[in-house]
Amino acid sequence: MPELPEVETIKRDLEKIILGEKFVKICVHQAGVIRQPSAKLFSQGLVGLRVKNILRRGKLLIFELSNGQALTIHLKMTGQLVYPGGSSKSRVAFYFTGGKILDFNDQRLFGELRLVDRWETLKFVQELGPEPFDLTCRVFQDMLLKKKTAIKPLLLDQKFISGIGNIYAAEILYRAKINPLRSSKTLLQNEVETLFCQTIAVLKMAIKCGGSSVDDYVRVSGENGDYARHHQVYGRQGRPCFVCKNLIQRITQGSRGTYFCPHCQR
DNA sequence: AATGGGACCTGCGCGC
DNA sequence: TGCGCGCAGGTCCCAT
């Protein structure tokens with residue numbers, strides 16, 4: 001699922017392809033993914049505009065446009081942006097000057113595309129927690145002390161911290177040797193420091209690898225990201241921990257899967 | 001206020 | 001072999 005490292009990878013891939021390009025035509029094959037305004041106004045509104053800048057906020061991709069508006073794309077679970085496009089899988093096809101086609105694919109139709117006047121004022125954006133890379137350990141510790149939730153669902157909470165999803169929450173907690181069930185405010189100073197450092201380290205390494213290809217995620221070129229081979233716990237239930245050889249467990253937490261090593265993570 | 005579960009979707013893998 | 005069910009998870013929405 002596209003989390004921060006995957007969306008950042010897509011952002012960087014796209015910068016090389018469509019920065020400065022002008023939309024000449026939009027083909028909406030699945031109107032449901034266009035959340036704002038109507039599919040018709042969305043298409044009409046984009047034609048003639050250039051992509052001035054590409055940003056990422058949490059897991060949201062933002063295309064700043066030449067007239068001051070913005071195209072926002074949330075890939076949710078199965079969204080993809082693929083170039084060159086023009087495939088039959090495409091839910092929306094973006095045509096640019098010079099014949100370039102960018103496809104938005106989305107098997108499960110959870111994705112959300114919007115054309116808005118100001119992306120900063122979207123409710124979703126306003127409620128997002130801080131970017132991990134903008135945090136200091138000290139601020140992170142203060143945030144953790146204000147909550148009493150289990151640490152795993154807290155890391156997944158986009159209002160608490162933005163960009164972390166189910167895969168990286170598992171990998172980060174494993175590397176920090178912290179049990180996902182621990183209440184955030186019971187974490188000791190040194191555990192918070194390790195958690196903070198591992199959060200940054202895992203996300204940075206995952207970006208360097210082009211993200212984790214599990215299920216549908218691919219880079220804009222269609223290639224896989226390479227970080228999945230660094231996964232220590234995600235999807236490894238019943239298999240031995242690489243450190244202690246005890247079996248990785250899968251439990252359900254907040255109605256989604258949590259993978260961890262009960263021996264290494266305390 | 002904070003937490004939990006269901007809804008939104010589709011394809012896949014499993015068990016019968 | 002084939003069918004139906006559960007599961008996958010980002011976010012929203014509602015109930016508790």
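Just so it is clear, the structure is predicted and the values come from calculations on it, not from any experiment. In what follows, every chain begins at residue 1, and chains take the letters A, B, ... in the order their sequences are listed.
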Compile the donor-acceptor pairs under 3.5 Å between side chains in residues 231-244 of chain A and protein atoms, sequence neighbours left out, one pair per line.
{"residue": "His231(A)", "atom": "NE2", "partner": "Ser212(A)", "partner atom": "OG", "Å": "2.8"}
{"residue": "Gln232(A)", "atom": "NE2", "partner": "His230(A)", "partner atom": "O", "Å": "3.1"}
{"residue": "Arg236(A)", "atom": "NH1", "partner": "Gln232(A)", "partner atom": "O", "Å": "3.0"}
{"residue": "Arg236(A)", "atom": "NH1", "partner": "Pro240(A)", "partner atom": "O", "Å": "3.1"}
{"residue": "Arg236(A)", "atom": "NH2", "partner": "Pro240(A)", "partner atom": "O", "Å": "2.9"}

Review point. At under 4.0 Å between heavy atoms, what does Phe160(A) touch on the DNA or RNA strands: base, sugar-phosphate, or nothing?
Key: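 Here Phe160(A) touches no strand at all.
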Check your understanding: If the sugar-phosphate is the primed atoms plus P, OP1 and OP2 and the base is the rest, what is the B/S/- string for nucleotides 10-16 of chain C, using protein heavy atoms under 4.0 Å?
Key -> BBS----
**Study point:** Working for salt bridge (Lys or Arg N to Asp or Glu O under 4.0 Å), residues Lys52(A) and Glu64(A)
**Key:** CA-CA 5 Å; Lys52(A) 222 171 122 185; Glu64(A) 289 185 332; over 6 Å; no
Nucleotide [N], atom [atom2] - distance to [atom1] of [X] in whole Å:
| X | N | atom1 | atom2 | value |
| --- | --- | --- | --- | --- |
| Gln107(A) | dC7(C) | CD | P | 19 Å |
| Leu154(A) | dA1(B) | CG | P | 18 Å |
| Ile251(A) | dG4(B) | CD1 | C1' | 15 Å |
| Asp216(A) | dC7(C) | CG | C1' | 14 Å |
| Gln253(A) | dA2(B) | CD | C1' | 16 Å |
| Arg35(A) | dC8(B) | CZ | P | 12 Å |

Review point. Do the side-chain N and O atoms of Glu3(A) and Tyr217(A) include a donor-acceptor pair separated by under 3.5 angstrom?
Key: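 There is no such pair between these side chains.
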Check your understanding: Have Lys152(A) and Thr258(A) got a donor and an acceptor in their side chains that come within less than 3.5 Å?
Key -> yes
Point to revise | OP1 or OP2 of dT3(B) under 4.0 Å from side-chain N/O of Thr149(A) | key: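 Yes, because at least one side-chain N or O of Thr149(A) sits under 4.0 Å from OP1 or OP2 of dT3(B).
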Practice item. In sequence, state the C-alpha distance, the side-chain angles, and the governing distance for Arg57(A) and Glu120(A), and then conclude on salt bridge (Lys or Arg N to Asp or Glu O under 4.0 Å). Key: CA-CA 10 Å; Arg57(A) 186 76 179 84; Glu120(A) 299 93 328; over 6 Å; no
Review point. According to the interplanar angle, ranging from 0 to 90°, do the rings of Phe140(A) and Phe160(A) count as parallel (below 30°), tilted (30 to 60°) or perpendicular (above 60°)?
Key: tilted
**Study point:** Nearest-nucleotide comparison on DNA chain B, the residue closer to the 5′ end among Ser255(A) and Lys147(A)
**Key:**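 Result: Lys147(A).
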Exercise for review: Could you pull out the closest heavy-atom pair between Ile164(A) and Leu155(A), with the gap in Å?
Suggested key: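 Distance-wise, the nearest heavy atoms are CB-O, 3.5 Å.
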Study note, to complete from the structure: Closest non-hydrogen contact found for Phe104(A) with Gly111(A) is CZ-CA, 4.2 Å
Using the [atom1] atom as the reference point in each nucleotide, state the distance between [N] and [M] in Å, no decimals.
| N | M | atom1 | answer |
| --- | --- | --- | --- |
| dC3(C) | dC9(B) | P | 25 Å |
| dG5(B) | dC7(C) | C1' | 16 Å |
| dT11(C) | dG11(B) | P | 22 Å |

Practice item. Given salt bridge (Lys or Arg N to Asp or Glu O under 4.0 Å), test Arg219(A) with Asp13(A) step by step and report yes or no. Key: CA-CA 7 Å; Arg219(A) 301 182 60 156; Asp13(A) 287 349; 2.8 Å; yes
Study note, to complete from the structure: For DNA chain C, the dot-bracket notation using Watson-Crick and G-U wobble pairs below 3.5 Å, [ ] for pseudoknot-type crossings and | for other-strand pairs, is .|||||||.|||||||
